[in-house]
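A short worksheet on the structure shown next.
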Amino acid sequence: MRDLSGIVKAYDIRGVVGEQLDAAVVRDFGAAFARLVGGPAVVIGHDMRDSSPGLSRAFAEGVQAQGVNVISIGLASTDMLYFASGKLDLPGAMFTASHNPAQYNGIKLCRAGASPVGQDSGLAQIRSDAENQVPDAEGVEQGTYEERNMLVDYAAYLNDLVDLKGIRPLKIVVDAGNGMGGYTVPQVFEGLPIEVIPMYFELDGSFPNHEANPLDPKNIVDLQARTKAEGADAGVAFDGDADRCFVVDENGNPVSPSAITALVAVRELAKDPGGTIIHNLITSHAVPEIVKEHGGQPVRTRVGHSFIKEEMAKTGAIFGGEHSAHYYFRDFWRADTGMLAALHVLAALGEQAGPLSKLTEVYNRYAASGEINSTVADQAGRIAAIKDAYGSKDGVTIDELDGLTVQLADGSWFNLRASNTEPLLRLNVEAATPEAVVALSDEVLAIVRA
């Protein structure tokens with residue numbers, strides 16, 4: 001029996017091609033997925049990595065061997081696969097390793113209507129079946145295979161949700177990072193009053209220019225410089241599978257995902273007054289404050305898309321945002337789509353005369369550290385030490401919804417969480433000023449790294 005524990009993660013499947021993932025393993029994943037979700041069909045998409053077409057075809061063979069039909073949408077961003085799953089009301093599989101290096105690939109799975117599949121919702125069963133090598137179904141006819149392009153329908157759906165035709169003309173720089181944004185952006189922006197200056201739109205899974213992870217500051221340096229040099233109104237960067245977007249203003253300064261969450265939340269609340277907005281516990285405290293000020297109901301969750309989507313389903317939330325630049329929309333089957341978030345930002349910018357820096361400054365109320373990682377062997381012990389150090393201080397409140405969150409009497413706070421996959425502790429700090437952030441970060445890190 002195979003051991004696939006190393007590649008079946010909490011929310012997806014991911015590993016090194018040829019070592020951990022090959023056609024035989026992926027075929028069994030396809031068969032196991034088909035057994036889990038049943039018929040009539042599964043929709044499959046893939047990114048631009050060299051290994052993606054072959055692996056997606058092997059997965060399709062496994063699905064077909066269980067008597068389930070396959071609709072292949074070919075090249076796709078992850079949110080396009082979610083669109084196809086929602087629009088066609090079919091389970092889906094997306095072949096991508098997002099921003100991971102070229103030697104990796106993976107599979108993101110969902111049930112019909114883009115409902116996520118994680119460890120507790122079917123992924124553990126898929127792993128078990130694949131480890132035992134799923135036999136072909138007996139007494140059933142082989143499933144069919146159909147190719148269908150969903151790009152035009154995807155773009156039209158997004159443009160129906162956010163109308164940009166009446167905005168003032170804008171010039172934006174878009175860094176696709178040689179990922180799937182280079183495929184989707186031209187179609188989505190066609191016919192809009194927006195001049196797109198493309199960067200790294202060539203589909204290339206070797207990522208020759210930089211990693212397709214815009215949350216790492218070194219990967220947006222080119223976008224920042226080009227946005228300023230072009231005199232553009234904004235810059236937008238997508239990750240490898242284009243389900244996340246990151247924004248810089250006209251000066252090349254990053255706009256925090258928390259500010260984007262607040263901006264989009266205000267727009268969604270204008271359409272649906274009193275609605276619920278989901279935010280994870282690492283987003284800025286400005287987000288729930290602004291949601292309340294605009295008549296909405298903020299709901300705080302753990303970090304991770306499965307928790308966000310579960311809470312959205314439970315509460316009927318209209319929108320959700322994470323510090324990692326994942327944005328979730330009820331109107332998009334509660335799935336995450338960086339493209340739709342980008343369209344909201346550009347609509348807000350184009351509906352008024354001022355620059356993006358002015359538009360977003362009202363959503364930036366506090367200073368933040370960003371994620372600071374520390375390599376720690378005894379994660380639980382270091383978290384306990386932090387709890388001991390701060391738990392007895394006056395005016396301090398502590399909760400353990402996800403890691404340890406410590407709220408101080410002066411309004412500053414921090415969250416310390418253990419990585420699920422590495423011997424790391426992740427620290428996020430927010431305070432009134434940059435100086436206060438540095439002081440609190442140093443204080444906590446002195447204990448964490450002792």
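N253 places no side-chain N or O within 3.5 Å of a backbone atom of D249 that could act as its donor or acceptor partner. Judged by distance alone, with hydrogens and angles left aside, the side-chain atoms of S52 form no donor-acceptor pair with the main-chain N or O of M48 at under 3.5 Å. Under the 3.5 Å distance criterion, the side-chain polar atoms of S412 are left unmatched by any main-chain donor or acceptor of L408. R127 places no side-chain N or O within 3.5 Å of a backbone atom of L4 that could act as its donor or acceptor partner. A donor-acceptor pair is defined here as one N or O able to donate and one able to accept, closer than 3.5 Å; such a pair exists between the side chain of Q20 and the backbone of V16. R111 contributes a side-chain N or O that, together with a main-chain N or O of S121, makes up a donor-acceptor pair within less than 3.5 Å. Side-chain atoms of E250 never come within 3.5 Å of backbone atoms of G231 as a donor-acceptor pair (strictly under, hydrogens ignored). Looking at Q297, its side chain never comes within 3.5 Å of a backbone N or O of T276 through a donor-acceptor pair. With hydrogens and angles disregarded, no donor-acceptor distance shorter than 3.5 Å links the side chain of T261 to the backbone of G321. Of the possible donor and acceptor atoms, one in the side chain of S85 sits under 3.5 Å from a partner among the backbone N and O of L90.
Using cut-offs of 30° and 60° for the angle between ring planes, the W333 and Y157 rings count as parallel. Relative ring orientation between F83 and F332 is described as parallel, the plane-to-plane angle staying below 30° on a 0-90° scale split at 30° and 60°.
For the pair F307 and I278, the minimum side-chain heavy-atom distance is 4.5 Å or more. Contact of the I372 side chain with the S441 side chain is registered, since non-hydrogen atoms from C-beta on lie closer than 4.5 Å. Between N213 and R244, the closest side-chain pair of non-hydrogen atoms falls below 4.5 Å. A heavy-atom distance below 4.5 Å is not found between the side chains of K314 and V299. Taking the side chain as every heavy atom from C-beta outward, R168 and L349 approach each other to under 4.5 Å. For the pair V444 and V429, the minimum side-chain heavy-atom distance is 4.5 Å or more. Using a 4.5 Å heavy-atom threshold, the side chains of L269 and I318 count as touching. Using a 4.5 Å heavy-atom cutoff, the side chains of D402 and T301 are not in contact.
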**OP:** For the pair V117 and V37, evaluate side chain to side chain contact (heavy atoms under 4.5 Å, CB included) and give the outcome as yes or no after the intermediate values.
**Re:** CA-CA 10 Å; V117 173; V37 299; 5.7 Å; no
**OP:** Dump the intermediate steps for side chain to side chain contact (heavy atoms under 4.5 Å, CB included) on V174 and F238, then the final yes or no.
**Re:** CA-CA 8 Å; V174 177; F238 292 96; 3.9 Å; yes
Original post:
Can F246 and D175 be said to form a side chain to side chain contact (heavy atoms under 4.5 Å, CB included), step by step?
Top reply: CA-CA 10 Å; F246 196 86; D175 182 346; over 6 Å; no
**OP:** Decide yes or no on side chain to side chain contact (heavy atoms under 4.5 Å, CB included) for L440 and F414, but give the supporting numbers first.
**Re:** CA-CA 8 Å; L440 182 53; F414 65 88; 4.1 Å; yes
Original post:
Step by step, would you call D336 with K309 a salt bridge (Lys or Arg N to Asp or Glu O under 4.0 Å)?
Top reply: CA-CA 9 Å; D336 39 329; K309 292 172 181 176; 3.3 Å; yes
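Partners of N364 by side-chain hydrogen bond (donor to acceptor under 3.5 Å, both in side chains), not counting sequence neighbours: none found. In this structure R330 satisfies the side-chain hydrogen bond (donor to acceptor under 3.5 Å, both in side chains) test together with D272, sequence neighbours excluded.
Nearest heavy atom pair, residue V173 against residue A232, reads CG2-CB, 3.9 Å. Across all non-hydrogen atoms, the minimal contact from L55 to V26 is O-CG1, 3.2 Å. Listed here is the closest heavy atom pair of V255 and A259: CG1-CB, 4.0 Å. Contact detail for E430 and H285: the closest heavy-atom pair is OE1-N, 3.0 Å. Pairing each heavy atom of F201 with each of G181, the nearest pair is CE2-O, 4.5 Å. Closest approach of A242 and S77 over heavy atoms only: CB-CB, 3.9 Å.
The residue from D47, V43, D79, I73 that alone fulfils the side chain to side chain contact (heavy atoms under 4.5 Å, CB included) condition with M94 is D47. Applying the side-chain hydrogen bond (donor to acceptor under 3.5 Å, both in side chains) test between D241 and each of H46, K108, H99, R49 identifies K108 as the sole match. For the side chain to side chain contact (heavy atoms under 4.5 Å, CB included) with F59, the lone residue among I44, V70, V25 that qualifies is I44.
Shown here is D50, whose CG atom has no more than 12 heavy atoms of other residues, nucleotides or ligands within 6.0 Å. In this structure, D442 places its CG atom where more than 12 heavy-atom neighbours from other residues, nucleotides or ligands lie under 6.0 Å away. More than 12 heavy atoms of other residues, nucleotides or ligands sit less than 6.0 Å from atom OH of Y363. Open room surrounds NZ on K87; 12 or fewer heavy atoms of other groups in view lie less than 6.0 Å from it.
In this structure, the separation between CD1 on I260 and NE2 on H344 is 11.5 Å, given to the nearest 0.5 Å. One distance of note links CG of L346 with CG of L170; it measures 6.5 Å at 0.5 Å rounding. One distance of note links CZ of R300 with CG of N280; it measures 9.0 Å at 0.5 Å rounding. Here the straight-line distance linking atom CD of Q103 with atom CG of L21 works out to 12.0 Å at 0.5 Å rounding. To the nearest 0.5 Å, atom CG of residue L340 and atom CG of residue N159 are 10.0 Å apart. Note that the NZ atom of K165 and the CG atom of L192 stand 6.0 Å from one another [nearest 0.5 Å].
Under 3.5 Å, the side chains of W413 and Q407 contain no donor-acceptor pair of N or O atoms. Residues Y328 and E311 have side chains that never bring a donor and an acceptor to within less than 3.5 angstrom of each other. No side-chain N or O of D243 forms a donor-acceptor pair with one of Y82 less than 3.5 Å apart. R426 and N415 share no side-chain donor-acceptor pair at under 3.5 Å.
Of the charged side-chain nitrogens involved, at least one lies within less than 4.0 Å of a carboxylate oxygen, so that E361 and K358 count as a salt-bridged pair. Classification of D153 and R148 as a salt-bridged pair fails, no side-chain N sitting under 4.0 Å from a carboxylate O.
Two rings, from H305 and Y11, have their centers less than 6.0 Å apart.
Pairs engaging residues 255-268 under the salt bridge (charged side-chain N to carboxylate O under 4.0 Å, His left out) rule: R267-E351, E268-K271 [sequence neighbours left out].
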